[in-house]
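Here the structure comes first, spelled out in structure tokens, and everything after it is commentary.
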Amino acid sequence: MMVDSMYSKLALIFLGLLLAAVHGMTETHRVEEHLKRYGGDWPPEYIPNTPGWKRQMDKRFKQVLEMDNRHKKYDGWMQTVNMAFLAPNFTEYGMGLVRAPEDLTLTLQHEIRTAIKDGKTRKEHSIDAIGGPNGCDFVDRPDLTQRVVTELQPYTEAWVGMPLHPVLAYGFRLYLNESDLNMHVDKAQTHIISMIYHIDRSEDSQPWPVLIEDFKGNTHEIELQPGDILFYESSKCLHGRPSKYYGSWYTSVFVHYYPTNGWMDTDHNMECHYAIPPWWDTEVPPQDKTQEPLDILGTSFKEHNCPNEWHRTRPSDACPKENDAG
Ligand SMILES: *[C@@H]1O[C@H](CO)[C@@H](O)[C@H](O)[C@H]1NC(C)=O
Ligand SMILES: *[C@@H]1O[C@H](CO)[C@@H](O)[C@H](O)[C@H]1NC(C)=O
């Protein structure tokens, strides 16, 4: 107990220093800015304000509040305020599935398979949200990723109904046997409207669904086919591949855009800090906890007690507290 509370105090001091160092911000200043924007109201109106989204976000805020590690808890708040009410939504569901132009897919498939056959892959640097013993491989073809970002921009703009500014196309990542990808949302400043363009996978691949939450509070499990594009509002809709991939390789390219109209006039990260209420680090005594325990790794989410460390990865999967959402 002693050690625990000393640890929390140290963690809090550390967090204070970290915030001050990274953002030139003290907790006092942060709370002032919070009160200017929100008064004492909590929670602000969710965006969108559908019953399903409200249920999902209320539950997530409870899970975050019940976390013990203060540093991770703050990170949990940062991610959740942006999802729940800071970032606007631009579509009804936050996600949509389309087919890529067939000739583009065929070209990419041919080039990636050739690169693999010729050993022209490298290791990707390690990424917090990606698990598994083998890391990921990577094929560097900036000419092709540039083609993807440019050719698909009109499709993305049509989906979202507004002009977009391209940020980057990241690829081509090859997930390897036993990879998984924790649930997460993307960078609040720049990764707003995104796509997962699934190019190809080895013949021995087993189905490996993407999980994604929509604005009605549903979690979808989507098995992308080669040539499928999943559009999604990536700083808002939690997504990942929490179950393990089995097979030799599975490749996609990730493309991110942000709205051209005034989006960069706001410092969206600072707004996340300011949106967190003053009482964010309130401790919930163990006997009062009602939620499935949540863990935050970097910016990604895990529920260690559930199958695949995430609730709802299969219709039949149940984790102990799934039904207590309220
Ligand atoms: C935001 O989501 C809500 C709920 O799905 C929807 O009614 C609304 O039209 C969406 N906003 C935009 C700009 O599409
Ligand atoms: C993937 O890993 C599993 C578990 O270790 C193993 O049984 C399987 O043979 C591996 N598959 C490939 C394609 O390496």
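All ligand and atom numbering here is 1-based and tracks the order in the structure. This is a predicted model, so every value here is computed, not measured.
At the top of the distance list for atom 11 (N) of ligand 2, counting protein heavy atoms only, stands N177 ND2, 2.9 Å. In this structure, atom 1 (C) of ligand 1 lies nearest to the protein heavy atom N89 ND2, 1.5 Å. The nearest heavy-atom contact from the protein to atom 4 (C) of ligand 1 is T50 CG2, 3.5 Å. Counting protein heavy atoms only, atom 5 (O) of ligand 1 is closest to E92 O, 2.6 Å.
A cation-pi arrangement, defined by a distance under 6.0 Å to the six-membered ring centre and an angle within 45 degrees of its axis, is absent between K123 and F138.
Ring-plane geometry between H268 and W263 is classed as parallel, the angle between the planes falling under 30 degrees on a 0 to 90 degree scale with a further cut at 60.
Those atoms of ligand 1 that come under 4.0 Å of a heavy atom in F90, given as number and element, are 12 (C), 13 (C), 14 (O). Interface atoms of ligand 2 facing D204, defined by a heavy-atom separation under 4.0 Å, are 13 (C). Interface atoms of ligand 2 facing G247, defined by a heavy-atom separation under 4.0 Å, are 13 (C). Using a 4.0 Å cut-off to heavy atoms of K216, the atoms of ligand 1 that qualify are 4 (C), 5 (O).
Screening Y246, W249, Y175 for a ring-ring contact (aromatic ring centres under 6.0 Å, His included) involving W208 leaves a single residue, Y175. When each of R55, K59, R60, K236 is checked for a salt bridge (charged side-chain N to carboxylate O under 4.0 Å, His left out) with E213, only R60 meets the rule.
Within a 4.0 Å radius of atom 7 (O) of ligand 2, the protein contributes no heavy atom.
In plain terms, the two heavy atoms of H34 and P278 that are nearest each other are CD2-CD, 3.6 Å.
Inspection of the Y170 and E124 side chains reveals an N or O donor paired with an N or O acceptor under 3.5 Å.
The proximity of Y93 to ligand 1, defined as any non-hydrogen pair under 4.0 Å, does not occur for either the backbone or the side chain.
Other residues, nucleotides and ligands contribute only 12 or fewer heavy atoms inside 6.0 Å of the NZ atom of K187.
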